[in-house]
Amino acid sequence: MKHPESLMMSHGYKPELSEGAVKPPIFQTSTFAFRTAEEGKAYFELAYGLRKKDQTEELGLIYSRINNPNLQILEERLCLWDKADECAVFESGMSAISTVLLEFLKPGDLLLYSQPVYGGTDHFINYFLNEIGVYTIGFTPSQSKDEIIEMVEKSGHGSRLALVYIETPANPTNDLIDIEMCRSIADLFSNEDKKAYLAVDNTYMGPLWSSPLAHGADIVVYSATKYIGGHSDLIAGAVLGNSEIMSRVKVLRTFLGNMASPHTCWLLLRSLETLKVRMEQQARNAQQVVEFLEEHSKIDKIHYLGCIDKNSKNYQLYKKQYSSPGAMIAFEIKGGQKEAFKFLNSLKLIKLAVSLGSTESLVQHPATMTHVGLTDELKAEIGINQSLIRLSVGVEHAEDLISDISQGLEAVNLDIEISNLSLKSALTQLI
Ligand SMILES: *Cc1c(COP(=O)(O)O)cnc(C)c1O
């Protein structure tokens, strides 16, 4: 099998079916003509799961809520990065995630999830799922396997553990969660009647350098808005897994109607052609930015996978699960919110915006932006403080990124000097 990047321009598409067009056209159609009534009948039997596919049979095109060439080509190409049997693409990361949660959790079930999870996911879990009678337990990266098992047992709902849902590396601090450990927790609470599934949101690292399925996950989810889309010009999501799991996800998607449109899929097909070159450049740039930050006197602490102490247990976990430190950095600037905001407001090239994984570098302040909804206790426990800044590194020239960060940090310096000066003059006046 060729490498995924070699197949992103051809896999799953036959030019001869589209007038020889080298690139897939946008199949902007809601419905597809059947050649015969018998053919239409056969497609519907498969779409509704009324019988199993014959070995050589493929589900034909019916209606664009169920399938569409742009959607299918995209799904086949995404499978290559994660070595998955099947993929389903959604109109947003949140619709991918909420569809998985709705399919694998029923009232009375228990969901075990890592904290922090993405704000939208957290809201869906704690407002929607709790209201329909799903029990939930959150754990943090610092908790041991035994502690997590004890929490599940104490809850009294262990026999109904239906889903373990994790985000690793955690956003924004790059803390790691052991996927194999979560697999064994899910297995421990599985029985013949009920299997506990393991889902991993792999958005933060992206598809290139980690394979959650290979470490025992049943389901991988992405916000394709981030690295996969990569240009901050669309919203989309994806779910990957084996055929049995994915047929459940796709059936629910058919009835929720939250598949991505042909146009969004077409944009994502363009994005996939450069996924690898983009992500590699982003990771190289991140490495250089970190080298600069490490030497800077205004920086307190850097949260970046490439900075994990080689003698720590976390380092082994990092090496086991990931083949690159990625392009997401968080760092603490000396001072507090005032200094952090001064820095953010002083940047000229790097944009102040949430989201991540795109060609342009984006910076934001988790404590007052993406993670503002967390309780103060949880923020303190996972290290989201007022001086923390999250940086998603893009494909710009590293020198330009570094000089922008450098002048931003100088502006902070100045501010402190000015306030020191005015303090001094105030004091002199007093004396
Ligand atoms: C952005 C994001 C989501 C939500 O995806 P949307 O495409 O915005 O709906 C989910 N999980 C993570 C980790 C994200 O970063």
Going by side-chain hydrogen bond (donor to acceptor under 3.5 Å, both in side chains), name the residues that satisfy it together with [X], two or more places apart in sequence or in a different chain.
| X | result |
| --- | --- |
| E381 | T140 |
| E291 | Q287 |
| K154 | E150 |
| E75 | R253 |

With sequence neighbours excluded, residues passing ring-ring contact (aromatic ring centres under 6.0 Å, His included) with [X]:
| X | answer |
| --- | --- |
| Y304 | none |
| Y13 | none |
| H371 | none |
| H296 | F292 |

With a 4.0 Å cut-off, would you call [X] and [Y] a salt bridge?
| X | Y | answer |
| --- | --- | --- |
| K23 | E273 | yes |
| K41 | E45 | yes |
| E86 | K250 | yes |

**Request:** Would you confirm whether N70, through its side chain, and P25, through its main-chain N or O, come within 3.5 Å as a donor-acceptor pair?
**Result:** yes
**Message:** If the condition is salt bridge (charged side-chain N to carboxylate O under 4.0 Å, His left out), which residues does E180 pass it with, not counting sequence neighbours?
**Reply:**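 Applying salt bridge (charged side-chain N to carboxylate O under 4.0 Å, His left out) to E180 gives K320.
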**Any side-chain donor near an acceptor of the partner, D146 and S144, under 3.5 Å** = no
**Request:** Check the side chains of S261 and E91 for a donor-acceptor pair under 3.5 angstrom, ignoring hydrogens and angles.
**Result:** no
**ring pair (Phe, Tyr, Trp, His ring centres under 6.0 Å) pairs, two or more places apart, involving residues 57-78** =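 Qualifying pairs: none.
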**Message:** Taking ring pair (Phe, Tyr, Trp, His ring centres under 6.0 Å) as the cut-off, I'd like each qualifying pair that reaches into residues 207-249, sequence neighbours left out, listed once.
**Reply:** none
**Ring centre gap for H303 and F331 strictly below 6.0 Å** =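 Between F331 and H303, which both carry aromatic rings, the centre distance is not below 6.0 Å.
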**All pairs passing side chain to side chain donor-acceptor pair (under 3.5 Å) where residues 115-124 contributes a residue, at least two apart** = Y113-Q115, D122-N126
